[in-house]
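What follows is a short report on a single structure.
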Number of protein chains: 2
Amino acid sequence: MPRGIENTLLAAIVEGRLPPGSKLSESRLAEAFGVSRTLIREALTRLETRRIVRVEARRGWFVNTPDAEEANQVYAARRFVEYGFLAKARPFPPAAIARLRTHIEEERAAIAEGDKSTLIYLMGDFHVRIAEASGNRALVELLQTLTARTILISLCYQSERNALASHRDHVEIVDALAAGDMTRAAQLSFDHLEDVEAGLNTDIAPDPLGSLRTTLRLDRAPGEGTKTKRPENPSEPSDQSEKTHLGN
Amino acid sequence: MPRGIENTLLAAIVEGRLPPGSKLSESRLAEAFGVSRTLIREALTRLETRRIVRVEARRGWFVNTPDAEEANQVYAARRFVEYGFLAKARPFPPAAIARLRTHIEEERAAIAEGDKSTLIYLMGDFHVRIAEASGNRALVELLQTLTARTILISLCYQSERNALASHRDHVEIVDALAAGDMTRAAQLSFDHLEDVEAGLNTDIAPDPLGSLRTTLRLDRAPGEGTKTKRPENPSEPSDQSEKTHLGN
DNA sequence: CAGATCAGTCTTGTATGCAAGAACTGCACG
DNA sequence: CGTGCAGTTCTTGCATACAAGACTGATCTG
């Protein structure tokens with residue numbers, strides 16, 4: 001079950017239900033999952049080694065809020081990994097291409113519906129699916145973590161690039177893969193990630209003055225009681241523009 | 001302190017003092033480190049998410065013994081990452097080159113002395129140091145884990161390639177980097193890793209029939225008592241040839 | 001009213017207790 | 001001599017207890 005907790009938390013994070021900066025109270029989570037703090041702690045520890053969450057000594061666990069430097073480095077790492085993979089991998093078999101086309105179709109559908117939560121997940125997962133085509137588990141795990149961190153970044157620095165543009169890039173990449181032109185696919189993927197990163201508002205300053213919001217308790221609705229079952233959400237979901245802006 | 005335990009264990013593993021398959025008893029480690037099982041468990045959990053160790057339910061923790069498939073995938077992942085990084089990174093500044101040359105010198109010295117333990121560490125660490133030149137922490141962490149896993153592989157499938165050959169490859173790579181020829185450095189690095197992998201004896205069958213050695217208790221010296229303070233070493237260090245054969 | 005102080009409450013850090021399962025040991029039996 | 005079986009011991013899994021730091025809020029003081 002501890003692995004299940006890790007995955008459940010990760011899913012909530014990458015789908016934006018637990019935004020960057022959210023406090024993750026061990027005891028509340030323990031209550032929510034119906035287990036003791038021990039298992040929660042194990043799951044959080046795992047997520048910490050993947051840099052998805054962060055712990056401040058005796059203060060609490062938080063969904064990681066990558067700073068500008070970390071954002072840079074994670075994007076750079078992703079570019080390197082995906083470029084190297086595509087440039088050096090053998091051409092994808094038709095079955096893999098078919099799976100990617102299915103994914104592209106899912107993206108299209110999600111965009112049409114404007115289902116933001118699904119979109120965030122799908123746009124990030126595209127790159128993981130590409131890795132899955134290789135059948136290389138080590139690579140998939142690598143990209144899963146890297147992609148999750150990327151989503152965190154997108155969530156922090158509201159991307160100016162909308163999902164449609166990313167979707168079009170994805171289509172182009174799959175076309176190149178289908179044509180067996182790995183070199184082109186690699187370069188497209190590299191450029192795509194550069195464009196996405198360039199679209200970030202890195203001057204947004206993630207949670208200015210440390211965790212000011214938490215300090216000011218913007219996490220709790222004004223009249224709400226002190227006992228909330230769900231972990232607190234320091235960043236207001238309401239201030240997100242209706243158009244689905246996100247990376248990947 | 002839990003982070004210290006993780007690093008201490010990792011160091012012991014990558015330096016070969018805790019060979020693949022070694023059993024890592026929580027209580028013994030707790031005793032050795034002078035802490036409770038809790039902290040040991042946390043360190044082991046961290047190492048497990050990095051695929052350095054593995055846990056079998058209610059049987060115990062073990063230093064991971066990668067099978068042939070995992071070996072393939074980890075090497076492939078490393079090739080992708082390092083190729084992508086070098087092919088797309090900007091040329092290294094002179095200071096970084098200097099540090100790499102220092103490392104090369106350390107390698108040379110270790111080969112001259114035949115200090116096997118140091119050699120294992122250095123030959124693997126070369127690739128980590130290259131990543132360090134980028135100043136990209138995410139990339140460094142990635143390669144640290146990947147390299148550690150590679151060392152495990154080398155330890156399982158006794159490499160036929162000796163350290164000297166790897167050392168020469170490293171020199172060549174640094175020369176290319178010094179010349180600012182990143183494309184060449186990338187390709188050299190890729191080929192180097194392919195050569196190293198090709199030198200593995202993947203037909204050695206890692207610990208045939210599951211953990212036969214453990215079952216047969218080849219880990220304990222015949223007359224030795226049952227209370228050994230150190231974790232058991234299932235693989236005999238004595239059957240290693242005197243010439244330092246290893247990967248990277 | 002502004003500021004300091006101190007008790008109360010929350011958080012994680014770490015140790016410990018207990019239970020369940022796996023494996024080993026020795027014995028009895030065919 | 002091999003084989004099955006039970007008792008014992010060792011292992012991890014998970015819950016819980018307790019300690020100590022950090023924050024909150026009220027009260028007291030100038």
Side-chain angles (χ1 to χ4, degrees), chain A residues 1-6 9 21-48 53-64 209-220 222 224-232 234, chain B residues 1-6 9 21-49 53-63 209-220 222 224-232 234:
Chain A
M1 179 146 262
R3 214 53 153 305
I5 295 174
E6 181 187 4
L9 285 175
S22 299
K23 180 164 187 182
L24 302 167
S25 158
E26 290 182 6
S27 44
R28 283 214 180 77
L29 289 173
E31 205 182 337
F33 280 97
V35 298
S36 83
R37 280 176 53 213
T38 307
L39 293 188
I40 301 299
R41 210 137 208 289
E42 186 183 322
L44 290 173
T45 299
R46 284 196 152 95
L47 289 173
E48 199 209 6
V53 308
R54 150 184 61 91
V55 62
E56 284 178 35
R58 278 187 172 112
R59 282 191 24 95
W61 297 84
F62 303 88
V63 176
N64 197 14
L209 292 184
S211 49
L212 184 61
R213 277 174 172 143
T214 305
T215 305
L216 298 179
R217 296 217 257 142
L218 293 182
D219 44 319
R220 289 182 199 157
E224 199 176 8
T226 176
K227 292 258 178 183
T228 55
K229 180 160 188 177
R230 282 278 155 205
E232 306 84 15
Chain B
M1 178 146 261
R3 213 53 153 304
I5 295 174
E6 180 186 5
L9 285 176
S22 299
K23 180 164 188 182
L24 301 167
S25 159
E26 290 182 5
S27 44
R28 284 215 179 76
L29 289 173
E31 205 182 338
F33 280 98
V35 297
S36 82
R37 280 177 52 215
T38 306
L39 295 186
I40 301 298
R41 212 138 207 287
E42 185 182 323
L44 289 174
T45 300
R46 284 198 153 93
L47 290 172
E48 198 209 6
T49 74
V53 308
R54 152 184 59 93
V55 62
E56 283 179 36
R58 279 189 172 107
R59 281 192 24 95
W61 297 85
F62 303 88
V63 177
L209 292 184
S211 51
L212 185 61
R213 276 174 172 143
T214 305
T215 306
L216 298 179
R217 294 219 258 141
L218 294 180
D219 44 319
R220 289 181 199 158
E224 199 175 8
T226 176
K227 291 259 177 182
T228 55
K229 180 159 188 178
R230 282 279 156 205
E232 306 84 14

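Quick note on labels: first sequence line is chain A, next is B, and so on, each numbered from 1.
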- Query: For the residue pair Ala30(A) and Ser36(A), what are the closest heavy atoms and their distance?
  - Reply: CB-C, 3.9 Å
- Item | Partner residues of Glu6(A) under the salt bridge (Lys or Arg N to Asp or Glu O under 4.0 Å) criterion, sequence neighbours left out | Arg3(A), Arg46(A), Arg50(A)
- Who pairs with Val35(A) by side chain to side chain contact (heavy atoms under 4.5 Å, CB included), at least two apart in sequence or on another chain? Met1(A), Ile5(A), Phe33(A), Leu39(A), Ile40(A)
- Residues which pass side chain to side chain contact (heavy atoms under 4.5 Å, CB included) with Arg54(A), listed by chain and number, not counting sequence neighbours: Glu56(A), Phe62(A), Asn64(A), Thr65(A)
- Message: Once side chain to side chain donor-acceptor pair (under 3.5 Å) is applied, do any residues pair with Thr45(A), and if so which ones, sequence neighbours excluded?
- Response: none
Determine: side-chain N/O of [X] to OP1/OP2 of [N], distance under 4.0 Å, yes or no.
X	N	answer
Ser27(B)	dT11(D)	yes
Arg59(B)	dT12(D)	no
Ser25(A)	dT11(C)	yes

Measure from [atom1] on [X] to [atom2] on [N] and round the result to the nearest Å.
X	N	atom1	atom2	value
Leu44(B)	dT11(D)	CG	P	13 Å
Arg28(A)	dT12(C)	CZ	C1'	14 Å
Glu26(A)	dA19(D)	CD	P	18 Å
Glu42(A)	dT14(C)	CD	C1'	16 Å
Ile5(B)	dT14(C)	CD1	P	9 Å
Leu24(B)	dC10(D)	CG	C1'	16 Å
Arg54(A)	dT11(C)	CZ	P	17 Å

Between the protein and nucleotides 15-20 of chain C, which nitrogen or oxygen pairs are less than 3.5 angstrom apart?
{"from": "dA15(C)", "atom 1": "OP2", "to": "Ser36(B)", "atom 2": "N", "distance (Å)": "3.0"}
{"from": "dA15(C)", "atom 1": "OP2", "to": "Ser36(B)", "atom 2": "OG", "distance (Å)": "2.7"}
{"from": "dA15(C)", "atom 1": "O5'", "to": "Ser36(B)", "atom 2": "OG", "distance (Å)": "3.4"}
{"from": "dA15(C)", "atom 1": "N7", "to": "Thr38(B)", "atom 2": "OG1", "distance (Å)": "2.7"}

- Message: Quick check: on DNA chain D, is the nucleotide nearest Trp61(B) upstream (toward 5') of the one nearest Ala57(A), or the reverse? Name the residue that is more 5'.
- Response: Trp61(B)
- When you look at Leu44(A) and Val55(A), which way does the side chain to side chain contact (heavy atoms under 4.5 Å, CB included) test go after all the steps? CA-CA 9 Å; Leu44(A) 290 173; Val55(A) 62; over 6 Å; no
- Task: Supply the atom-to-atom distance Lys23(A) NZ to Leu29(A) CG, rounded to the nearest 0.5 angstrom.
- Result: 11.0 Å
